[in-house]
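Have a look at the structure below, then the notes.
Here is the naming used below: chain letters follow the sequence lines, and residue numbers restart at 1 for every chain. The figures that follow rest on heavy atoms only: side chains count, while hydrogens, waters and symmetry mates do not.
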Amino acid sequence: MGDEFARRLAQCPDHMGEDDFSLDECLRGLADVDPEARELTALAGELRTMDVDPSVEFVRTLRRRLDQEISASSQSGVSFIERLRISMVNPFRPFLLKGGAAMPWLVVPVLLLSLFGGGAIVVNAADEAVPGQVLYGLDTAFEGLRFSLTSDEGDKVRLSMGRAEERLEEVERMVASGYGEVSVEAAVAGYVTQLREAVQTMERFQLHAGDPSGSDLGQEFKAQLRAQERLLLQLQTRAQVREIGELFTDARARVQAQNRLQGMERATPRDQSGDSPGHPSGNERANQGPWSEMPPAEAGPQEEWQAALSRVQLRYQEMQNLMAEGDRLGLEERLRLHLQQVEALRQLARQRSGEDPQASAQMSAELDQALVGGMTAMTDLLPNAPEWARELLQQALQSCQSEHLELQALMRSGDGTRNEAAGQGGESQTTEVPLGQNAGQPGQCGGERGAGPGSGGPHSDGNQGSGGGH
Amino acid sequence: MRRIFVFNRGGDDGRMDMIQDERLVMRAKRGDGDAFGVLYERHVHAIFRYVMIRVGSREDAEDLVEKIFVKSWRSLDSYRARKASFRTWLYRIARNTIIDHYRQRTRECGLEEAHGTGARGPSPEDHVAAQEERTDLLTALGRLRPDHQEVIALRFADGLSHAEAADMMGRSEAAVRVLQHRALVALRQEMTTSDGGNHGR
């Protein structure tokens, strides 16, 4: 009785807090368990509504006090360099030497300007500037100088990632202000360039520091990537014009690839080259650098499709790592993105069906293989997954199953062309993957579980070059 | 049939908050005072409620909350998102600040007693005013054991989940459930003792 009461009582305030039911309803539910319950639950309710909030005046006063504290600590900062990093403006970026060091004769007036406080107003204004505005050059130039003055590799990573974040926030402001497609596209390109610099800086850091991908900085980097990806997704859905929304697709794909690679690099010591023949193993890919998975700028539709398919891969090892780390957020993100990517690609295949049913069926078949691979990996993981992850995997599997059925329907709509075009992919087009069971096709999910030749992953030789020429 | 992978709304909001916090912390670490200001606005109410329940006096709570946020700004560089969420980290600072506050108060009381100089404390009028300001509930809370106060403050002041409260207190979720029950029973007992069993207000 006591345990049951404690359990029910513990849940009661939660439900009340979420407005699932009222205090009275909660009390009625508890009354039959223990007569003491009514009194204690009422007490819990009283605690919830107790007036222990700060006064408005106090909140304002403390905010002012904190602003003073922050301002004092920035201005009386410890070192000259630190002070430079925080408050200096450099409008002379074009005059910086190639290696990033500023010419001494230019540094002096800039320092004077900033040290005597003249730069502060400009800094604030420049911070809010967006590409195309006069002060924008100041903002980026200042960032560049700050970066070149930083000697610590870890700080360089933080700074360059911070600059990427700044670029993305500029894009956000531009979208909110209704800038046109051309301007937003240029700003997105600026963000991608900055992200690339951040990744390269991170790579240099990793090279010097051994294997810091699991370090605090590595985690911070991943957290930043996740936050940026979230923002990109928001921008994509928030954009009023479809063309502008589409501008974010590629940037998101790049960030997703980065996230995946950050996970892969940690997995590489155990990752025993399960990739399909003719494609780099996890180790090779990691050595090639995170941008190696991205199609080159001049890539054709076939390469783009293949790259998009490779981004859909849901890797067993990657999920296992996330579970081992207890990274619920990471796993959720990964599963959600996987499904979004599959859906986006399925729509692409569907669009294609009108003009070229055969190509559409082929695309669907390839995508379905990637999807089934992911489902296989998930079902393999289920038996040993911790409870929190099991729930997520089961939800994802259900959604995958629906996608799988949709894709099969799409393949069937290609009629006779399906068998011819998609037949190389193995049984996955017609295989129902039972939920919660091992579907028995290990290796289709990015090949990290030891895919052999002919396992039918989108990267496998059997499918190369048969993407339909879209 | 809708295929989009949907998670429960509450959880999503929580995660969004966490990610938002992380972004703000990153910016604040780079010296962006405004970002820290936003963090302050996001958390000051919850931290104040937590402290208020623990110390029972608005005046003390205001002093302590100020210390907590100044301390958190000064030690922001030591915060690591990997180890705990910003909110958890902030609560830990709050908890330690409260412990320091009680330690200091104990020392001061000891000194005053030793030197026979109680005159520097609050005047009797101040004391009465402060007592009137406190509700019966707060007074009763003040008589609870620290871990009972703690669990009530975490669970009811900010509505932390059992898991979050457990993380904060370094206990299991089950232990927190049991502790919460015991704390409520103890609180009811305190209130019954103080007003003859009628605590309804």
What heavy-atom pair brings [X] and [Y] nearest, and what distance separates the two atoms?
X	Y	result
A/I70	B/W73	CG1-CE2, 3.5 Å
B/R58	A/S55	NH1-N, 3.9 Å
A/V59	B/Y40	O-OH, 2.6 Å

Which region of [X], side chain (C-beta onward) or backbone (N, CA, C, O), has a non-hydrogen atom less than 4.5 Å from a non-hydrogen atom of chain A, or is it both or neither?
X	value
B/I47	neither
B/F36	side chain
B/R182	neither
B/V65	both

Exercise for the section: Please examine the side chains of B/M52 and A/D53, heavy atoms only from C-beta on, and report whether any two atoms are closer than 4.5 Å. Expected result: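 The answer is no; the side chains never approach within 4.5 Å.
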Taking side chain as everything from C-beta outward and backbone as N, CA, C, O, which of these in [X] sits under 4.5 Å from a heavy atom of chain B? Side chain, backbone, both or neither.
X	value
A/Q228	neither
A/T61	neither
A/L66	side chain

Practice task
Using salt bridge (charged side-chain N to carboxylate O under 4.0 Å, His left out) as the criterion, list what pairs up with A/D67, not counting sequence neighbours.
Solution key: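 Listed in chain order: A/R63.
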Exercise for the section: Output all residues satisfying salt bridge (charged side-chain N to carboxylate O under 4.0 Å, His left out) with A/R350, sequence neighbours left out; order by chain, then residue number. Expected result: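 Testing A/R350 for salt bridge (charged side-chain N to carboxylate O under 4.0 Å, His left out), a comparison that skips the adjacent residues, returns A/E406.
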Problem - Among the listed options B/G33, B/A28, B/G37, B/A46, the residue most often paired with chain A at heavy-atom distances under 4.5 Å - result: B/G37
Handout entry: Which of B/I152, B/V44, B/V70 touches chain A most, by non-hydrogen pairs under 4.5 Å
Key =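 Most heavy-atom pairs under 4.5 Å with chain A: B/V70.
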Rounded distance [0.5 Å steps], [atom1] in [X] versus [atom2] in [Y]:
X	Y	atom1	atom2	result
B/K29	A/R158	NZ	CZ	6.0 Å
A/Q224	B/M26	CD	CE	4.0 Å
A/E57	B/E62	CD	CD	9.5 Å

Exercise for the section: Please indicate whether A/R65 has more than 12 foreign heavy atoms, meaning atoms of other residues, nucleotides or ligands, lying under 6.0 Å from its CZ. Expected result: yes
